[in-house]
Amino acid sequence: MKLFEEPAPEALVVRVLPDQTGITKTFDYLVPPEWAGRVALGTRVRVQLGPRRVGAWVVDIDVEPPEGVALKPIAKISGQGPSGDVIGLAHWARWRWAARTPVPFLRTASPERMVTTLSSPGVRRHPVPPSDDDVIQGAFRRRPTVLRLPPAADVIPVVQAAASLGDPLVLCTSRSQSERVARRLDRAGVPTAHHPDGWGRAAAGGVAVVGTRAAVWATMPDLAAIVVLDEHDEVHQEERTPTWHLRDVALERARRAGVPCVLTSPMPSLEALEAAELVTLDRATERDGWPRVIVADRREEDLGRNALFSPALARLVRSDARVVCILNQKGRAVLLACGSCRDLARCTRCDASVQRPGDDHLVCRRCGDTRPVVCASCGSTQLKTVRMGVSRVRDDLEALAGEPVVEVTADRSDPVPDARLAIGTEAALHRIERADVVAFLDLDQELLATRYRAAEQALALVVRAARLVGGRHGSGRVLLQTRMPDHEVVQAALHGDPTLVSEAERIRRTDFRFPPVVAMAEVSGEAADAFAEQLRGAGHPQVDVVGPVDGRWRITAPDHERLCNALDAVERPPGRLRLVVDPTRS
DNA sequence: CGGACAAGCTGA
DNA sequence: CAGCTTGTCCGG
């Protein structure tokens, strides 16, 4: 018989965050003593929450549970999860993009399939020497930096410079780019894990981690440097809320880890120039990495029906060069045509063109009559959208060239046609890999677009085109047809000098108070008015609430610190609310 | 999120 | 007032 009660051994209590959108609270659970060694920060567990079992992350270890709550034990240990530093980063990102919970970030940071077995750390076959290019290696000595490399430059030396420091995290714009980078690292003797499939090997350390946007959330115990390739590329921003940007997460992760972060781009965004120190090559080398640019002033051409074809273009399409023509026809009617008989889909009642709002029916633009998705002439159900602009121009171009011109669509299931002459929207720039000439038939469509980032986006298209044709010493050409030959985008392309755009942009954004001169957010949805009112009522100094315009409120502040703190302090009203920090289309 | 339970609406 | 819908709250 015991004289004294033995003190209960201090049971381990962990705080978990359920993997459910809509639950923002954390809950505390007991860890059975036999599992104590298997539970760490980030571990994926299952717990009984009220009437059901849910997946969850351990977000805090050894916590003081609230009083008067009977703790339940964890039901199951499911697998490994993000490390503590990544969980901290997720909490920061929740604040930075005004999300309700860090759950979306933790999901991105977690392996796709449960990881239960430990991988062994990677071992390098031989060390990677520092780059002998002083500009490149030097970019890793200051932090953070944005390294401006022209479109034709090879980024592999940058990746190798990062690998010379230890385990690098390399963020790419596409799966194909990350595969290319991984192959080159592998050849250099660096074991490489591709995110997310290589999650477990990344978490074991000793490897380079390569991937697209989501890979910035990879768990890496010995992270030594971060490289973001093509920082200016819009694929780096998530389009669904929270609209987080790879550049900002990479910079914050590097800052927290105390490691260098190098952003590369031929035309760094103003955001990057604000946050990082600019490192450039000498002027001549940079210029040589941009292609030869021909500017055709459309004001000087006679404005007949072929106004889209300058004499320079006519000469090129009649040569034996492989020419890709780009024509964006924003705001023009998209028509539907039968995939088999090519007849235009029209209203069977009034003959006007029809739209396809969903998958299952057609609606007349004029009389509103609806009918099933069937071709009225041949009965086929395969209707395709035709870009009226491109199709018309394709016919005209064919007449000019005297040979076939193929249309390149954005449709990934269509094969990329192998023809000397092609035409398409900007999607063609993503689908074709090489050309002798890329011709922008109407660059003014891009230059005059109303989005505040239009100029950067236009130059980004020229960069894409430049990659298809190569640098100045090759035979490639980019042809810009424009009525604004003095526009800074045209001049920047012509001289291979992106500073012309960033300087003009900085002035414009300062004058009109657009990012990154201010931090901006947009609020819409049924609860937007209530949210805006509360925010206004809170009277945060220097936080401006303007609107609503088309049901959208615009909130600006001098910086994200003030903007996000203000957004975070608002108690969310009930009802649907869309809150976008750093909106791009404005 | 999804279940529990409470407060409102309808029909006899 | 039963029977159902709609809303609000809560979970460890």
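Each chain gets a letter, A, B and so on, in the order its sequence line appears, and its residues count up from 1.
- A:Pro66 comes within 4.0 angstrom of a nucleotide base, judged by non-hydrogen atoms across all strands.
- If you measure from atom CZ of A:Arg53 to atom P of B:dG3, you get 16 Å, rounded to the nearest angstrom.
- Rounded to whole Å, atom C1' of C:dG11 lies 15 Å from atom CZ of A:Arg46.
- Checking B:dG3, C:dG11, C:dG12 against every side-chain atom of A:Pro51, the shortest atom distance belongs to B:dG3.
- The aromatic rings of A:Trp97 and A:Phe105 sit tilted relative to each other, their planes meeting at an angle between 30° and 60°.
- Among the protein residues, A:Gly22 comes within range of the nucleic acid bases, having at least one heavy atom under 4.0 Å from a base atom.
- Distance, A:Arg15 CZ to C:dG11 C1': 15 Å, rounded to whole Å.
- At whole-Å resolution of the value, CD in A:Gln20 and P in B:dC1 are 8 Å apart.
- Whole-Å rounding puts the A:Asp28 CG to C:dG12 P distance at 11 Å.
- With rounding to the nearest 0.5 angstrom, the CD atom of A:Glu561 is 4.5 Å from the CH2 atom of A:Trp95.
- The separation between A:Phe27 atom CZ and C:dC10 atom C1' is 7 Å, rounded to whole Å.
- The separation between A:Glu64 atom CD and C:dG12 atom P is 19 Å, rounded to whole Å.
- Here C:dT8 presents its P atom at 18 Å from NZ of A:Lys25, a figure rounded to the nearest Å.
- Note: A:Trp217 and A:Trp244 have perpendicular aromatic rings, judged against thresholds of 30 and 60 degrees for the angle between ring planes.
- Summarising the geometry, atom CG belonging to A:Leu106 is positioned 11.5 Å from atom CZ belonging to A:Arg94; distances are rounded to the nearest 0.5 Å.
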